[in-house]
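Each chain gets a letter, A, B and so on, in the order the sequences are listed, and its residues count up from 1. Please read all numbers here as calculations on a predicted model, not as lab measurements.
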2 protein chains.
Amino acid sequence: MHVAAVPDESTELAGKDGPRRRGRRPGGGDTRAALLDAARVVFAERGYDGATVRAIAERAGVDPAMVNHWFGGKEPLFVAALNLPVDPAAALNEVLPGDPELLAERILGRFLQLWDTTGGAQLATLIQSIASHDAAASLLREFITRVLVIKVVATVAPDRPELRATLCGTQLFGLAFVRYVLKVEPLASADHATIIAAVAPNLQRYLTGPLP
Amino acid sequence: MHVAAVPDESTELAGKDGPRRRGRRPGGGDTRAALLDAARVVFAERGYDGATVRAIAERAGVDPAMVNHWFGGKEPLFVAALNLPVDPAAALNEVLPGDPELLAERILGRFLQLWDTTGGAQLATLIQSIASHDAAASLLREFITRVLVIKVVATVAPDRPELRATLCGTQLFGLAFVRYVLKVEPLASADHATIIAAVAPNLQRYLTGPLP
DNA sequence: GTCTATACAACGATAGAC
DNA sequence: GTCTATCGTTGTATAGAC
């Protein structure tokens with residue numbers, strides 16, 4: 001298998017005007033960034049299997065072969081594109097300061113606000129991609145371990161931070177799955193206050209409560 | 001889209017012994033049941049997209065065209081096949097009698113015992129199929145509403161049974177997702193006692209605890 | 001002139017339809 | 001069983017930057 005070298009991290013956008021030309025583009029490397037943007041949209045809309053390399057390339061306005069040239073294939077492109085639509089570390093940092101015993105409320109509030117405005121559909125397809133692709137699962141596994149453990153749980157509860165973090169993960173993932181993917185009522189259309197009042201105590205127990 | 005007529009609901013099991021014969025089978029309708037059995041195995045092993053009509057038909061020992069004839073296509077076959085590998089209603093009935101305040105422990109114990117012995121891989125691919133296929137999501141939505149609500153929650157807590165049931169769903173689904181699909185440590189390889197001690201109080205609160 | 005990002009074409013595989 | 005569509009991928013010639 002041939003693996004192309006990946007040149008650099010240039011992300012400047014250039015115009016997509018005019019007909020496609022052969023050969024090297026004038027201004028320089030916007031192709032890689034265009035592919036990343038297109039991949040995020042198409043993967044989010046259709047999931048990993050549903051998103052075709054051809055469709056991504058077409059949306060980016062470049063040749064499908066560019067996917068191989070810049071990323072080495074569909075799967076590496078997916079992993080690269082999985083820069084989540086919001087920066088999880090930043091969102092969590094906004095929510096960390098304050099009473100540790102109310103941290104769960106703040107996390108849930110931010111969580112719901114984020115995904116309800118961005119449109120739950122995006123989260124739903126993201127979860128679908130994660131569920132149907134091992135590379136995404138691995139990536140998310142590492143994300144959970146790193147961000148959730150180190151940045152959050154360890155600051156409020158020194159004992160068993162890894163177990164606490166994964167338990168928090170079960171509650172948050174389950175909530176996302178039931179509300180945005182399965183869309184089970186009455187949870188699917190419950191307002192934020194109701195959900196927070198119902199779930200926050202449980203999440204808070206995982207964060208700072210007694211554990212076996 | 002062409003939808004073939006589905007003859008009847010015959011589900012009698014017949015032997016799969018003997019080599020394939022041409023023409024109409026003598027005893028009559030074991031083909032439909034054989035296809036259902038094969039479909040459950042193959043869908044569980046490879047997910048919806050990974051399971052091919054050909055593979056299912058081959059395992060059932062019949063012609064691929066039989067899928068169209070009996071079910072009208074791959075998708076209807078999938079929905080019909082989603083009689084879960086274990087009967088959820090039966091499993092829940094085994095667990096219902098006893099102290100209502102310890103119901104969560106019994107549910108979790110049965111849950112873990114069931115999926116750890118059956119092999120978590122089967123649950124993982126099942127969740128993947130659910131996440132990546134709307135028909136499965138609809139089916140599961142109905143299952144949660146019917147079985148979980150009516151059979152369980154309503155018997156232990158009369159107030160807001162639907163909300164309680166979906167909340168329980170978030171915890172159980174999230175646990176399954178993190179443990180069997182994402183496989184995040186230390187939860188992925190934690191023993192049953194640890195998980196029960198950690199999760200049961202939260203699940204119990206959803207069942208019988210105070211709610212807003 | 002050299003390097004390389006690019007476009008186009010085609011391959012092998014495999015799915016579902018008929 | 002055949003047929004068609006479409007997938008991911010690869011080879012190769014070319015155009016432009018350096």
In whole Å, what is the span from the [atom1] atom of [X] to the [atom2] atom of [N]?
X: A/Glu58; N: C/dA7; atom1: CD; atom2: C1'; answer: 15 Å
X: A/Arg32; N: C/dT6; atom1: CZ; atom2: P; answer: 12 Å
X: B/Leu77; N: C/dA15; atom1: CG; atom2: C1'; answer: 16 Å
X: A/Met66; N: C/dT4; atom1: CE; atom2: C1'; answer: 10 Å
X: B/Asn68; N: C/dC18; atom1: CG; atom2: P; answer: 8 Å
X: B/Ile56; N: C/dT14; atom1: CD1; atom2: P; answer: 17 Å

If you round to the nearest 0.5 Å, how far is CD of B/Glu94 from CZ of B/Arg110?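 The CD atom of B/Glu94 is 4.5 Å from CZ of B/Arg110, to the nearest 0.5 Å.
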Hey, mind stepping through A/Asp116 and A/Arg179 against salt bridge (charged side-chain N to carboxylate O under 4.0 Å, His left out) and telling me if it holds? CA-CA 10 Å; A/Asp116 274 0; A/Arg179 173 172 238 243; 2.8 Å; yes
Does A/Glu58, at its CD atom, have more than 12 non-hydrogen atoms belonging to other residues, nucleotides or ligands within less than 6.0 Å?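 Not more than 12 within 6.0 Å, no.
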Report each atom pair, protein N/O against N/O of nucleotides 1-7 of chain D, whose distance is under 3.5 angstrom.
{"residue": "D/dT2", "atom": "O4", "partner": "B/Arg54", "partner atom": "NH2", "Å": "2.9"}

How would you list, by chain and number, every residue that makes a side chain to side chain contact (heavy atoms under 4.5 Å, CB included) with A/Ala176, sequence neighbours excluded?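 A/Ala176: side chain to side chain contact (heavy atoms under 4.5 Å, CB included) contacts with A/Phe111, A/Leu123, A/Ile127, A/Tyr180.
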Qualifying residue, where the test is side chain to side chain contact (heavy atoms under 4.5 Å, CB included) with B/Val199 and the options are B/Leu172, B/Thr194, B/Ile107, B/Leu108: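 Among B/Leu172, B/Thr194, B/Ile107, B/Leu108, the one meeting side chain to side chain contact (heavy atoms under 4.5 Å, CB included) with B/Val199 is B/Leu108.
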Which of parallel (below 30°), tilted (30 to 60°) and perpendicular (above 60°) describes A/Phe43 and A/Phe78?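 The rings of A/Phe43 and A/Phe78 stand perpendicular, inter-plane angle above 60°.
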